[in-house]
Amino acid sequence: WLGGKGRDVTALIRGVAGLIVKEGAESVYAVGLADGCALALKIADGGQRGRPVVMAAALRRLGIQAEVLEEMADAPVFGHGQRVGSVVAVGI
């Protein structure tokens with residue numbers, strides 16, 4: 001009962017042992033960790049592109065180390081089919 005193939009929630013659950021995650025409307029994201037800690041975030045403008053980037057940065061900040069978090073460290077921005085930039089978390 002996850003987000004499905006290719007979704008960031010599915011990748012996080014598969015990539016971080018003991019983690020459970022739920023996404024919600026307007027870029028709400030909540031994570032529960034095996035040690036009982038929890039983390040929730042909301043992207044103020046409701047945009048989806050930065051959501052996994054910010055969650056991965058927050059989990060890394062908590063000391064979680066997993067390859068999936070490195071893979072989510074940035075989200076590409078494309079213009080006319082070419083990568084022109086990326087979304088990254090700053091100040092976390």
Side-chain angles (χ1 to χ4, degrees):
W1 300 75
L2 302 174
K5 290 182 177 181
R7 299 287 303 275
D8 53 306
V9 292
T10 306
L12 281 173
I13 289 173
R14 289 182 176 158
V16 180
L19 179 140
I20 187 72
V21 60
K22 178 66 174 112
E23 64 184 335
E26 297 295 321
S27 283
V28 172
Y29 217 0
V31 168
L33 301 168
D35 64 2
C37 289
L39 176 65
L41 66 85
K42 163 74 172 109
I43 303 297
D45 69 359
Q48 299 290 320
R49 188 182 343 211
R51 191 183 51 131
V53 174
V54 173
M55 181 57 81
L59 289 168
R60 286 192 314 272
R61 174 78 173 172
L62 291 175
I64 307 296
Q65 296 180 7
E67 184 177 329
V68 68
L69 300 179
E70 299 306 319
E71 294 168 1
M72 292 181 172
D74 71 81
V77 175
F78 294 96
H80 301 285
Q82 301 293 319
R83 186 174 178 146
V84 295
S86 61
V87 174
V88 297
V90 177
I92 294 178

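Hydrogens, waters and symmetry mates play no part in the numbers below; they use all other heavy atoms, side chains included.
Expressed to the nearest 0.5 Å, how far CD1 of Ile13 lies from CZ of Arg7 amounts to 11.0 Å. Between Leu69 atom CG and Ile64 atom CD1 the span is 7.5 Å, to the nearest 0.5 Å.
A side chain to side chain donor-acceptor pair (under 3.5 Å) check over residues 50-60, counting only residues at least two apart or in different chains, returns the pairs Asp8-Arg51, Glu23-Arg51, Gln48-Arg51. Here salt bridge (Lys or Arg N to Asp or Glu O under 4.0 Å) pairs that include residues 33-43, with residues two or more places apart or in two chains, number zero.
Taken together through direct or relayed side-chain contacts under 4.5 Å among Ile, Leu, Val, Met, Phe, Trp and Tyr, Val54 and Val28 form parts of separate hydrophobic clusters.
With sequence neighbours excluded, no residue satisfies side-chain hydrogen bond (donor to acceptor under 3.5 Å, both in side chains) with Arg61. Every residue meeting the side-chain contact (heavy atoms from CB on, under 4.5 Å) condition with Val77, not counting sequence neighbours, appears here in chain and number order: Arg49, Val84, Val87. With sequence neighbours excluded, the residues satisfying side-chain contact (heavy atoms from CB on, under 4.5 Å) with Asp45 are Ile43. The side-chain contact (heavy atoms from CB on, under 4.5 Å) search around Val68 returns Ala11, Leu12, Val16, Ala66, Glu71, Met72, not counting sequence neighbours. By the side-chain hydrogen bond (donor to acceptor under 3.5 Å, both in side chains) test, Asp74 pairs with Arg83, sequence neighbours left out.
A donor-acceptor pair is defined here as one N or O able to donate and one able to accept, closer than 3.5 Å; such a pair exists between the side chain of Ser27 and the backbone of Gly47.
In the hydrophobic clustering, Val88 connects to Val90, either directly or through intervening members, whenever side-chain heavy atoms lie under 4.5 Å apart. If you chain together ILVMFWY residues whose side-chain heavy atoms come under 4.5 Å of each other, Val53 ends up in a group of its own.
Just one of Thr10, Leu39, Leu59, Val9 meets the side-chain contact (heavy atoms from CB on, under 4.5 Å) condition when paired with Val21; it is Val9.
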